Structures are given as structure tokens and as C-alpha cells.
Number of protein chains: 2
Amino acid sequence: MATVQSVVRAFSVLEVLSAGPAGVSDISAQTDLPKSTVSRLLSTLERIGAVDRLLEGTNYRLGSGLIEILGTSGAPKTLGRSVQPHLEQLAMKSGEAAGLAVPDSYSVQYVTQVESPEPVQVRDYSGLSLPMHVGPSGLVIMSRWPLELLQHYLVRPLEAFTKHTVTDPMEIIERLKRFRAAGYGWVYEEFAEGINSVAAPLLDRRGSPIGAIHIHGPAFRFPGKGDPDRIGALLVEEVRRYSLRAESA
Amino acid sequence: MATVQSVVRAFSVLEVLSAGPAGVSDISAQTDLPKSTVSRLLSTLERIGAVDRLLEGTNYRLGSGLIEILGTSGAPKTLGRSVQPHLEQLAMKSGEAAGLAVPDSYSVQYVTQVESPEPVQVRDYSGLSLPMHVGPSGLVIMSRWPLELLQHYLVRPLEAFTKHTVTDPMEIIERLKRFRAAGYGWVYEEFAEGINSVAAPLLDRRGSPIGAIHIHGPAFRFPGKGDPDRIGALLVEEVRRYSLRAESA
DNA sequence: GCAGATGTTCCACGATGTGAAACGGCATCC
DNA sequence: GGATGCCGTTTCACATCGTGGAACATCTGC
């Protein structure tokens, strides 16, 4: 697996900048790269438009050119656009809202949501960011994490969103094992009172999670009399169909 | 100005991918790079998480990891966050809505808008994408373009949004000269009936446009009796203040 | 089975990226 | 005002690292 070091380095520079504007020395310190190297990389990134410097400013910031390079709303656009039809399928079959979420370090970003056909339905969570352990999408993503990463997450204090939120590390680990084995996971009123949800992870070819698809509905009718496992299987089936599909546009 | 070629190449690969998923050969053809090089770059980008491959897919797509690397909403976040106070200033002083727009190749992306305090006001245009020549933000950005780029733009057919939209290339060029000299530009009901707007460009240290700040209001009262040039000067002053300010967060 | 795709790996070559050190600016401080 | 410290940029000799043609595996469809 050949890897181009200057590219990797360029991205670690960008990563530092994503936290806010910074100068060469600053970045050099944070990345353990020599100043000269950082300066050179920044020059390159500036030419491309990936970073900018304002008129009088002495320090760099992420550039507006990134929009041009990466498309208007960045990465999830492609992903979001291509899962859309599958979300619609799921929303129709289940009668509840279906959505896409992507990992963002220790949080989960809710990207899209297709509404349920029912008049009474969950609110649109698009745009929301949630800790990994409170929602089903986060949990199924975590179920694919290497152990080490998981430990790093679990030693931190874990916030509870409702009285049902599971925050005990041991219990979470047990749960993740089950989720991983099943390929999906249920969560009952853990991130919001009155809402139950299932999610299944979207994996890349190496098995790393790049996102999750979920269905959530009001607790009084979802999953209701429907078999939780059947709904889970539905989800898994749709994910499989998605990853099989050859994308063109 | 030293520039690291592999990084430049990596970004041209990403740029191709921003148009949609593609394979190695495809990208190789579009970038004029050898297949082996493209393959190597993609491996690297995949390691980082800048691109993904789905389970069965044979082709690459922009990765959800970009969110993680570049921050949730990417580039405009930093820019948007730091101009926010200045937009508020402008909205207060002018009594109308103030916003930020960034260039996206031949279009302009409206990123943020601070509402006018008035009950009657223009709608929130955030998220909208507009051709360069119809709005004031696009025009002031164009006024900073090198001649060659401008010509490329103007030979294409230019859409009219209202009956006031200026679409004659010669007329546009004349206008851009004036805008550039003044440092700001007015547009009267050209992108929407009933709305007048001013904009001033945000420049990096080399004088290239990285965005534009604008004020727009209902035509019946804006600029009204106020002197258009005074409002323009207000805008320019605020931009100057912005670029002087040293950012930390 | 072959033809024509795909993406990946190999490897000799040298262009290209590297980083310590020198440089030039711009503050601040005494 | 000269000394000192910080900044980002440039230089330059070195060899690492990226390069790309060609060979190699798959896979698909004729």
C-alpha cells in the first residue's frame, strides 16, 4: 500500500487549520514538521486555493477555493445524493423517517432525512451533531471501530441525553458486540424521549464505517407490533443493495 | 514560490472526483497523469479518508472523512464565522440584510445572511447559488478576475434573471472597470425584481477575490434617499476593518 | 478462450521534496 | 537606537521519495 507522504502532510496541515487560522510556526509545532516544509506546503495549498491569507493577515486559514474543489457542500454531497433513493425506499417500506449520518471524529453528523408519510412524525434532525454513544447511527459506526479507538472514546465522560441513555462503558461494549454481529442496532428512547431508532452502518471495502443509515419513529408505534429484527433486516438489505449499485453520476 | 507537485496533483484528483465517483483510468485520462500515479495518490487519499470506496464498488468517491479533516461545513465555516460580527454591524448601520458570498468557479454561493431589523425585508438567500454576472457579489468578484478568465466567462451565453439583468459583454466589462475602481458595486433589480444590492469584494493578500460581502434591501426604500456612494463606502470600510483584524479563533 | 476493460504492483531512475541553516522583516524592550 | 526575539521565506546540497512505463492480476462480455 504505497502512500505519498507529502500529500499526507498537506492534509495534516489542513487538519490543523480546520481548528482555526494559524501561522507557519504554529502549524509546524502541532504537526512536528519543519517550518520550511510547512511553509512550502502552505504556498502550494495557497496556489490551489485550499488556503487563503487575508490582506494584512500574517496567518493562513482554510480557503474558499475548497468549495470549488470539493463541491458545494463537501463530501456528504456525493454520498447523500447517492443514498437518497434508498432512504426513500426505506421511508416508504417502514412508514417512518429514514436518514443518513456520517462520523465526524467523536460525533455523528445527521446529513439527510426523508420524512415519514405519516402526519405524526419525528422532527427533521438534519444538520444535528450528536455524540457517538447516544444514537443508533453512532453506535453502529462505533461497532466497527478498532478496539483502541473505542477505548479512547469510552474513558471520557459520557453524557446522558435521556434517562434511558446507556453510559456504562462495559454495557456499551457488550452492546456493540451484538450490534456488530447483527449488522444493525436498536435504540429505545435514548437520545430523545419518545423516539425509537434502528441503524445499519455503511462500510467501505476494508470494512471501515463511512456512515450509517437509520430509521426512527415515535415510540408508541415504532417498532410497534412489527418485529424489530425484520425491520433491522430491511435496513441491512437496503444497505447491501446500495453498496452493490454501480454509481455513475 | 515553491510548489509541491504531488500535492497539486492530489487536489486535481479530488477535483475530478467532486464531479462524481470515478475510477482510476477515468481520472487518469481527465488529469493527464499516468494510471500508476493516480492509483498511488488514491491509495494515499483513502488512507487519510479523503476518498472512500464502497464494499463492492470498483470506483472511488469523495470520502466522508473530509468532514472530519476540514471541519463540518468545510471552508466557509471559518470565513463565515469571522465575518459574522461585521455583517451584523452592516445590517445595523444600513438597516438592511447583509450577507457573505463565496466564488464557486462560475457561480457564487450565498453562505450567510444577517437579517434586517425591519419587518419587511428580503428573503434569506443562504445556500443559493447564482451565476457571477447577475448579482453584485459575483460582479465585484469578477472585477478582480484576470482578463483571460473574464473572457472565458463572457463568451458563454449569459442568462437574464429579470428584465434589468445586464447580459451584454461589452457593457459588463465597462461596468466591472467602474466597480473595480470604486471598490464596490450597485445592482438594481437585476437578480430579483424589487431588490437592490451593493457588494464589496474580500481580497487575499495578492489581491485575488476570496468572497464578497453584500447588503440588499427592497427597492422602494433601498438605497432610497441614502446616497448610494455613502453606503458603498460603509461597505468598503467594514471590509477594511475585517481584513485588519487579527483572528485567533 | 480470447480481447479489452479494470486497478495494482514492481522497480530502476532521477527529479523532486526535504530540512538545517541563513536571511530579511517587524515588533518589542531596555 | 541597538539588541533581541519572533515571524515567514529562501537557499542549497543531499538522498529520499515520488515517478511512470511495463508487467501483473482480475473481471466482464463478446
Side-chain angles (χ1 to χ4, degrees), chain A residues 1-14 16-17 20-48 50-63 204-208 243-248, chain B residues 1-14 16-17 20-48 50-63 204-208 243-248:
Chain A
M1 184 153 305
T3 143
V4 181
Q5 70 172 200
S6 40
V7 173
V8 175
R9 291 174 166 191
F11 273 89
S12 34
V13 167
L14 287 177
V16 170
L17 280 179
V24 172
S25 310
D26 218 355
I27 299 172
S28 160
Q30 287 186 56
T31 53
D32 269 315
L33 294 172
K35 276 199 311 176
S36 52
T37 301
V38 172
S39 175
R40 200 172 337 106
L41 287 173
L42 284 170
S43 296
T44 307
L45 292 171
E46 188 181 9
R47 275 182 70 86
I48 300 172
V51 303
D52 285 325
R53 277 191 295 180
L54 295 183
L55 263 176
E56 335 270 337
T58 178
N59 51 18
Y60 293 85
R61 60 179 59 222
L62 289 185
D204 72 9
R205 62 163 48 199
R206 287 176 315 182
S208 311
S243 49
L244 278 173
R245 203 176 72 156
E247 298 294 334
S248 48
Chain B
M1 183 150 307
T3 143
V4 181
Q5 117 205 135
S6 40
V7 173
V8 175
R9 290 174 166 190
F11 272 90
S12 35
V13 167
L14 287 178
V16 170
L17 281 179
V24 172
S25 311
D26 218 355
I27 299 173
S28 161
Q30 286 185 59
T31 52
D32 269 316
L33 293 173
K35 276 199 311 176
S36 52
T37 301
V38 172
S39 175
R40 200 170 338 105
L41 287 173
L42 284 169
S43 296
T44 307
L45 292 171
E46 188 181 10
R47 275 184 70 85
I48 301 172
V51 303
D52 284 326
R53 276 191 296 181
L54 296 183
L55 262 176
E56 336 269 337
T58 177
N59 52 17
Y60 293 85
R61 60 179 60 222
L62 288 185
D204 70 11
R205 61 162 48 197
R206 287 177 314 181
S208 311
S243 49
L244 279 173
R245 203 175 73 157
E247 298 293 335
S248 48

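The model shown is predicted, which means the values in this text are computed figures rather than measured ones. In what follows, every chain begins at residue 1, and chains take the letters A, B, ... in the order their sequences are listed.
Here dT19(D) is the nucleotide among dG8(D), dT19(D), dT9(C) with the atom lying nearest to any side-chain atom of V4(A). Distance from the side chain of S25(B) is smallest for dT6(C) among the nucleotides dT6(C), dT9(D), dC17(D).
Nearest heavy atom pair, residue R47(B) against residue T3(A), reads CD-CB, 3.9 Å. Nearest heavy-atom pair, Y60(A) versus L17(A), reported as atom, atom and distance to 0.1 Å: O-CD2, 3.4 Å.
Among the atoms of the strands shown, only primed sugar atoms or phosphate atoms (P, OP1, OP2) are found under 4.0 Å from some heavy atom of S6(B).
When atom types are taken as modelled, the side chain of T44(A) and the backbone of V4(B) share a donor-acceptor pair closer than 3.5 angstrom. Looking only at distances, no side-chain donor or acceptor of S39(B) sits under 3.5 Å from a matching main-chain atom of K35(B). Remark: the backbone N or O of V24(B) is not paired with any side-chain donor or acceptor of S28(B) at under 3.5 angstrom.
Regarding D32(A), its CG atom lies at a distance of 15 Å from the P atom of dT18(C), rounded to whole Å. Straight-line distance from the OH atom of Y60(A) to the P atom of dC7(D): 14 Å, rounded to whole Å. With rounding to whole Å, L41(A) atom CG is found 15 Å from dT10(D) atom C1'. Q5(A) has its CD atom 6 Å from the C1' atom of dC17(D), to the nearest Å. Taking atom CG on L42(A) and atom P on dC7(D), their separation rounds to 14 Å, with Å as the unit.
The only member of L33(B), D26(B), V16(B) that meets side chain to side chain contact (heavy atoms under 4.5 Å, CB included) when paired with V38(B) is L33(B).
Side-chain atoms of S6(B) and S6(A) form a donor-acceptor pair, as typed in the model, at a separation below 3.5 Å.
Ranked by how close their nearest DNA chain D nucleotide is to the 5' end, R9(A) and D26(A) are led by D26(A).
Judged by distance alone, with hydrogens and angles left aside, R40(B) brings no side-chain donor or acceptor close enough to the base of dG7(C) to form a pair under 3.5 Å.
Using atom C1' as the reference point in both dT16(D) and dC12(D), the two lie 16 Å apart (nearest Å).
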What does nucleotides 22-30 of chain D look like as a protein-contact string, B for base, S for sugar-phosphate only, - for none, at under 4.0 angstrom between heavy atoms?
-> ---------
